[in-house]
Amino acid sequence: MKPMRSNPARSTHWPRLLVACLAAANLVALPATTALAANVLNAVSVTAGQNNSQVIKIALKDALAGDPVSFTTSNPHRLVLDFADTSPSTGRVQETLNSGLVRNYQIVPAGARTRVVFNLNAPASHQIRREKNHLLIVLEGAASTPSAGGDILSAPVRFAEEGTPRPHDIRGIDFRRGRNGESNIVVNLSDPGVGIDIQQKGRTIQVDFLNTALPTKLQRRLDVGDFGTPAQLIETWEQGKHTRMVITPRGKWDYAAHQTGSQFVMEVRSLDDPRAAPSDKPQYSGEKLTLNFQNVEVRAVLQVIADFTGLNIIASDTVSGNVTLRLKDVPWDQALDIIMRAKGLDKRTSGNVIWVAPRDELAAKERMELEAKKTIAELEPLHTRTYRLNYIKASDAMIVLAGLPRTGNTNSSSEDATCSPSSTGITAADTTGGSNTGLQSIMQSASGQQTTTTQNPNRVLSIRGGSSFDLTTNTLIVTDTIERHAAVEEVLKNVDVPAKQVMIEARIVVADDTFGRDLGARLGFAGSGKSGETGLGVGDYAGSATNATVGLPAGAPNPNVNLGLANPAGQLGFTVFNASTAAILSLELQALEQDKRGKIVSNPRVVTTNLRPAVILQGEQIPVITPGTANSPPTTTFKDALLCLLVSPQVLNNDDVILDVEVTKDAKGASYGDNVAINAKRIKTQIRVGNGETAILGGIFEQAERNDTEKVPFLGDVPVLGHLFKKTQKSDLKSELLIFLTPRILLDPANLERK
């Protein structure tokens, strides 16, 4: 039998498909009624009523004990009535009217049940009333005024008829914010039989609870705008014999209402929020319908949903009980979930078949199926297959099948990279092969505790399965069941892929800018004279003073004030000699200005595989000799002054690269006797960079400014002439270190597969 589906494009074929589905004996696996129907449906007539309404009159042989099960659909517009234990007197009937709201109707027998389907020309509300052996249905057309949300207003939807006045009351009103930002107004009723009318009034939703009292403490106005939901105000008050609730939403919105037992829920969803629509549609995507069930068996409700959707619903024998349910414009899959939650049921879907049973029963059955599969797996014969691998080592593949990570295990032959000039080489791989018997020690070292391969929950092989490898041909040998071989093949297909290769390029820029200006003066004076028979001399020191007393100075005297420069760039000086007085005056001005700029650019680069560390270095080792003692000879040690790039990349699925990087730029510094200083410049960090992008890892900027003055006390402070007795030094030293890093992916497995 071809299942029926809720497809609006095929909605015009609903009557014929419905007849075909109802005619099938195994449409729904519910208990078949073999007894003769207790009642007979004799005739159906449609007449015009007041205010453009229509009255449907259904004549039966005997009076009905209760209202038939009824529900409506909105696309296409239909009214469906189900009469239990009733058979039609004339068999299947189809009649076309095309007058007013009713386009045509059909009477479809299905065993001891009779369904009457009215196809409508427009949406309509209905009211049902029983009069002896007749059933009257009043259809009223819906208004077509645009709403605030852009929908079309429908006529008042009545969940239940007003009927004989009965005392009802409201026990509580609660507001809850839904998981997707919707407004949930929950009303706790005194009993399930409360009649409820819902109307959309302009920008508000009006809910009337018929013949229902409202306690004084619940007559209030709730401002729920701070909850961030479409609903802003909820006003509830008594209106005569009834209770009225008015909900004021904002923006564009839609609503749905349902009642389970004595709990009524009004849900208002926003159509403006982009997060609400995507989360709601995938969850419930079925065709909307309106249901009204008053104390009806759950199995009958499931059969109604099966007829509506065209799916095969299998109900377990333990599904029982009655349900009172009222739904308006609710997707059928959401209606099914509401029914199952209300009765503690669950479902399993396979194709177009839905199996409904209590949760415990489904869990017990699934547990039995798993135990049966386990028993079969313990008895199933083992098969041996070989897998030739292209990119991953067979020993690493065996570790993956054992449920262990490939990195960090003792079976992987790799060396840790360090910024050390000593090379330890690469350990040769063992090509003698191996088996999974050695994986127990691997798991012990990886996890830090003793365990076995069969206890690992991530193990791909079964308990009975095993594997071995041969590195000479890079072949993995697996012995296991057919089902496990399929899992092994799927895992190897995803892990046996070429690893991405990355070239990491670094730029280390060291720049300095030095400026200095020095001014100094050298001033000397020597003279001689007599005081009576005593000779007097003036000089910068005792020797020059003695020469002065002789009166024959050999040349310019040594400076009395020496504030000159060690290595002046320019000098200006003059000497004055008076022979009569044997006096010499010497003056020398010195100046030096330095402007030095330099830049050192280092550009190391290295290529490595994803998740594998790599290092490249260059530099010198400076010997340092430590003097010996009487008991030991001198020793020589070496200090490293290296340029080093140490990096370990991790390539992400979006081609971004996470780098654990260490950059070293050391240089020889000043010497202090037998000791040599090392100017160290290093950085160690982790960074994420896009493929081909350049990132600045860091930088150091240093500036030193100095203004030094040396002068003769008191004389150096004399205006203008004080410059002859002082020396000024001005320096400005700037240095900057910048480190850039650029990763580039060289090998893309996707491009390789396309080639």
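Arg682 and Asp666 are joined by a salt bridge, as a carboxylate oxygen and a charged side-chain nitrogen come within less than 4.0 angstrom of each other. With salt bridges taken as basic N to acidic carboxylate O contacts below 4.0 Å, one links Glu490 and Lys493. One finds a salt bridge joining Arg744 and Glu505 here, because a Lys/Arg side-chain nitrogen approaches an Asp/Glu carboxylate oxygen to under 4.0 Å. Salt-bridge annotation for Asp660 and Arg688: absent, with no side-chain N of the basic residue lying under 4.0 Å from a carboxylate O of the acidic one. Contact check on Glu182 versus Arg177 returns no salt bridge, with no Lys/Arg side-chain nitrogen under 4.0 Å from an Asp/Glu carboxylate oxygen. Between Asp512 and Lys599 there is no salt bridge, since no side-chain N of the basic residue sits under 4.0 Å from a carboxylate O of the acidic one.
Smallest separation of non-hydrogen atoms from Asn603 and Ala506: ND2-O, 2.7 Å. Among all heavy-atom pairs drawn from Lys668 and Asn679, the shortest one is O-ND2, 3.8 Å. What you find for Val676 and Ser671 is that their closest heavy atoms are CG2-OG, 4.1 Å. Summarising the geometry of Glu483 relative to Glu380, their closest heavy-atom pair is N-OE2, 4.4 Å, with the distance given to 0.1 Å. Between Leu643 and Ser602, the closest heavy-atom pair is CD2-CB, 3.6 Å. In plain terms, the two heavy atoms of Val319 and Ala357 that are nearest each other are CG2-CA, 4.0 Å.
Within 6.0 Å of CD1 in Ile700 there are 12 or fewer heavy atoms belonging to other residues, nucleotides or ligands. Residue Gln618 qualifies as open at atom CD: its count of foreign heavy atoms under 6.0 Å is 12 or below. The environment of CD in Glu369 is crowded: more than 12 heavy-atom neighbours from other residues, nucleotides or ligands sit within 6.0 Å. The neighbour count for Asn494 CG, taken as heavy atoms of other residues, nucleotides or ligands under 6.0 Å away, is above 12. The environment of CD in Glu489 is sparse: at most 12 heavy-atom neighbours from other residues, nucleotides or ligands sit within 6.0 Å.
Residues Leu362 and Trp355 form a side-chain contact, since some pair of their non-hydrogen atoms from C-beta on lies under 4.5 Å apart. Inter-residue side-chain proximity for Asp346 and Pro358 is flagged as unmet; no heavy-atom pair is nearer than 4.5 Å. Looking only at side-chain heavy atoms (C-beta outward), Pro623 and Thr637 stay at 4.5 Å or farther from each other. Side-chain contact check for Leu659 versus Ser648: every heavy-atom pair is 4.5 Å or farther apart. Side-chain contact check for Asp480 versus Val488: every heavy-atom pair is 4.5 Å or farther apart. Residues Tyr391 and Pro498 have side chains in contact (heavy-atom distance under 4.5 Å, counting atoms from C-beta outward). No side-chain heavy atom of Val606 sits under 4.5 Å from any side-chain heavy atom of Val615. A heavy-atom distance below 4.5 Å is not found between the side chains of Ile696 and Ile739.
Side-chain atoms of Arg464 never come within 3.5 Å of backbone atoms of Leu382 as a donor-acceptor pair (strictly under, hydrogens ignored). Side chain of Asn654 to main chain of Asp656: a donor-acceptor pair is present (N/O by atom type, distance under 3.5 Å, no hydrogens or angles). Side chain of Asp732 to backbone of Phe515: no donor-acceptor contact under 3.5 angstrom is found.
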* Apply side-chain contact (heavy atoms from CB on, under 4.5 Å) to the pair His485 and His383, showing each step before the final yes or no. => CA-CA 8 Å; His485 274 294; His383 299 267; 4.2 Å; yes
* **Val502/Asn691 under side-chain contact (heavy atoms from CB on, under 4.5 Å): CA gap, chis, key distance, verdict** => CA-CA 9 Å; Val502 186; Asn691 180 27; over 6 Å; no
* Would Ile508 and Leu737 count as a side-chain contact (heavy atoms from CB on, under 4.5 Å) if you check the C-alpha gap in whole Å, the side-chain angles of each, and the deciding distance to 0.1 Å? -> CA-CA 7 Å; Ile508 303 100; Leu737 170 67; 3.7 Å; yes
* For side chain to side chain donor-acceptor pair (under 3.5 Å), just list the numbers for Glu361 and Ser316, CA-CA rounded to whole Å, side-chain angles, deciding distance to a tenth of an Å, and then say yes or no. => CA-CA 9 Å; Glu361 181 179 338; Ser316 173; 2.7 Å; yes
* List the steps and the verdict of salt bridge (charged side-chain N to carboxylate O under 4.0 Å, His left out) for Asp337 and Lys343. => CA-CA 10 Å; Asp337 285 346; Lys343 304 304 293 184; over 6 Å; no
* To do: Kindly determine whether Arg176 and Phe227 satisfy side-chain contact (heavy atoms from CB on, under 4.5 Å), including the steps that lead there.
  => CA-CA 9 Å; Arg176 300 172 186 171; Phe227 287 89; over 6 Å; no
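Asp470 and Thr475 are not linked by any side-chain donor-acceptor pair at a separation below 3.5 angstrom, with hydrogens and angles left out of the test. Checking Ser183 against Glu267 by side-chain atom types alone, no donor-acceptor pair falls below 3.5 Å. Under 3.5 Å, the side chains of Asn610 and Gln501 contain no donor-acceptor pair of N or O atoms.
Rounded to the nearest 0.5 Å, atoms CD (Gln650) and CD (Gln686) are 8.0 Å apart. To the nearest 0.5 angstrom, Ser467 atom OG is 9.5 Å from Ile477 atom CD1. With values rounded to the nearest 0.5 angstrom, Ile399 atom CD1 is found 7.0 Å from Leu404 atom CG. Between the CG atom in Leu697 and the CZ atom in Arg507 there is a gap of 12.0 Å [rounded to 0.5 Å]. Taking OG1 from Thr481 and CD1 from Ile463, the interatomic distance works out to 11.5 Å, rounded to the nearest 0.5 Å. Distance check, rounded to the nearest 0.5 Å: CG of Leu401 to CG of Asp396 gives 11.0 Å.
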